[in-house]
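Notes to accompany the following structure.
The figures here come from the full heavy-atom set of this structure, side chains too, leaving out hydrogens, waters and symmetry mates.
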Amino acid sequence: MATVMQKIKDIEDEMARTQKNKATAHHLGLLKAKLAKLRRELLTPSSKGGGGAGEGFDVTKSGDSRVGLVGFPSVGKSTLLNKLTGTFSEVASYEFTTLTCIPGVITYRGAKIQLLDLPGIIEGAKDGKGRGRQVISTARTCNCILIVLDAIKPITHKRLIEKELEGFGIRLNKEPPNLSFRKKDKGGINLTSTATTTHLDLETVKAICSEYRIHNADITLRYDATADDLIDVIEGSRVYMPCIYVVNKIDQITLEELEILDKLPHYCPISAHLEWNLDGLLDKIWEYLSLTRIYTKPKGMNPDYEDPVILSSKKRTVEDFCDRIHKDMLKQFK
């Protein structure tokens, strides 16, 4: 493991030293591909013995959707869980009070949303520091992530947490890259693009593909993609999920500071201790999960507006609906 860490550090140092221009784009693309491969090795160590792969905490998935609270220690994640769900998660004034994952359930607009209070992560979590790997592996299974930030602490913490999550293949508030990648048996690397590309040229694409030992493939770019986008598609293990930046402890800052924070995208100010704006947060979670409520109507009776069937916006065909009600229903369908 230490050698992989050392290799990652060497590559990161080299990338920091390299100037970014057209002549070095090819070299940087290669380095990025190497880095992605090493990161994957950290996630799923191929060794025979030792600990298992990056598995998360064992929490049974319940409810219609799953939301994870991620943040540094002592930013108020547990207080937020206690206020929203009424579940007890220990709160104290020292860091790392929460040591495992504590689940709670919010019932909101007829949907049951499972909220996970994850232990605080520290810088270097993506490299396995401080149970970071377990925390982020559990975060990968969520439908939405709340990054809890402390209003008193510097806002650069937001960037640090994003970096940890991105190192683990979680892409926040992004859509999957609009490019198609198809391996084939012969014919070399074909690159076609329907838009003007400034980041990727054939040389860079070939370099990245050869790093993955792919020598024959058709690649179609439908927008100005970067080397990172191409690597994400080749790796194929990336999770794209919505994320809300919850700025906690706003009772301890001035109005002027709050107005500066207001310029952040995807942001929601709250005070968990004084229960300020928790309804606003729930509204925002609902909007970002983009769930669909479907009310059913028993034969000859009025529609049941109490207990809707909840489907996600990505899966809302009749088939998915039947699946939610009972697995056998599809077999009897005409």
Open item on the list: Quick check on Glu203: does its CD atom have over 12 non-hydrogen neighbours (other residues, nucleotides or ligands) under 6.0 Å away?
Closed with: no

Open item on the list: Check this for me: Arg159, atom CZ, are more than 12 non-hydrogen atoms of other residues, nucleotides or ligands nearer than 6.0 Å?
Closed with: yes

Open item on the list: Would you say His273 and Gln252 are linked by a side-chain donor-acceptor pair, where the criterion is simply a distance under 3.5 Å?
Closed with: no

Open item on the list: Please check this pair: side chain of Thr141 against backbone of Thr138, looking for a donor-acceptor N/O pair closer than 3.5 Å.
Closed with: yes

TODO: Return yes if some donor-acceptor pair links the side-chain N/O of Lys184 with the main-chain N/O of Ile189 below 3.5 Å, else return no.
DONE: no

Task: Side-chain donor/acceptor of Asp224 to backbone N/O of Thr198, under 3.5 Å - done: yes

- [ ] Check whether Tyr223 and Leu191 end up in the same hydrophobic cluster, where Ile, Leu, Val, Met, Phe, Trp and Tyr are linked by side-chain heavy atoms less than 4.5 Å apart.
- [x] yes

Open item on the list: Do Tyr212 and Leu30 sit in one hydrophobic cluster, given that two such residues count as connected whenever their side-chain heavy atoms are within less than 4.5 Å of each other, even indirectly?
Closed with: no

- [ ] Classify the angle between the aromatic ring planes of His266 and Tyr288 as parallel (below 30°), tilted (30 to 60°) or perpendicular (above 60°).
- [x] perpendicular

Open item on the list: If I take atom CG from residue Leu149 and atom CG from residue Leu160, how far apart are they, to the nearest 0.5 angstrom?
Closed with: 10.5 Å

Open item on the list: Could you check whether any side-chain N or O of Asn173 sits under 3.5 Å from a backbone N or O of Cys243, counting only pairs where one atom can act as donor and the other as acceptor?
Closed with: yes

TODO: Apply the test salt bridge (Lys or Arg N to Asp or Glu O under 4.0 Å) to residues Glu12 and Lys9: give CA-CA distance (whole Å), side-chain angles for both, the deciding distance (0.1 Å), then the verdict.
DONE: CA-CA 5 Å; Glu12 278 176 346; Lys9 191 171 176 347; over 6 Å; no

- [ ] Evaluate the side-chain proximity of Leu179 to Thr220: yes if any heavy-atom separation is below 4.5 Å, no if none is.
- [x] no

Open item on the list: Distance to the ring centre below 6.0 angstrom and angle to the axis at most 45 degrees; does that hold for Lys153 and Phe72?
Closed with: no

Open item on the list: Ignoring hydrogens and geometry beyond distance, is a side-chain donor-acceptor pair present between Asn82 and Thr79 at under 3.5 Å?
Closed with: no

TODO: Give a yes or no on whether a salt bridge exists between Lys112 and Asp64, defined as a side-chain N under 4.0 angstrom from a carboxylate O.
DONE: no

Open item on the list: Keeping Asn277 on the side-chain end and Pro269 on the backbone end, is there a donor-acceptor pair under 3.5 Å?
Closed with: yes

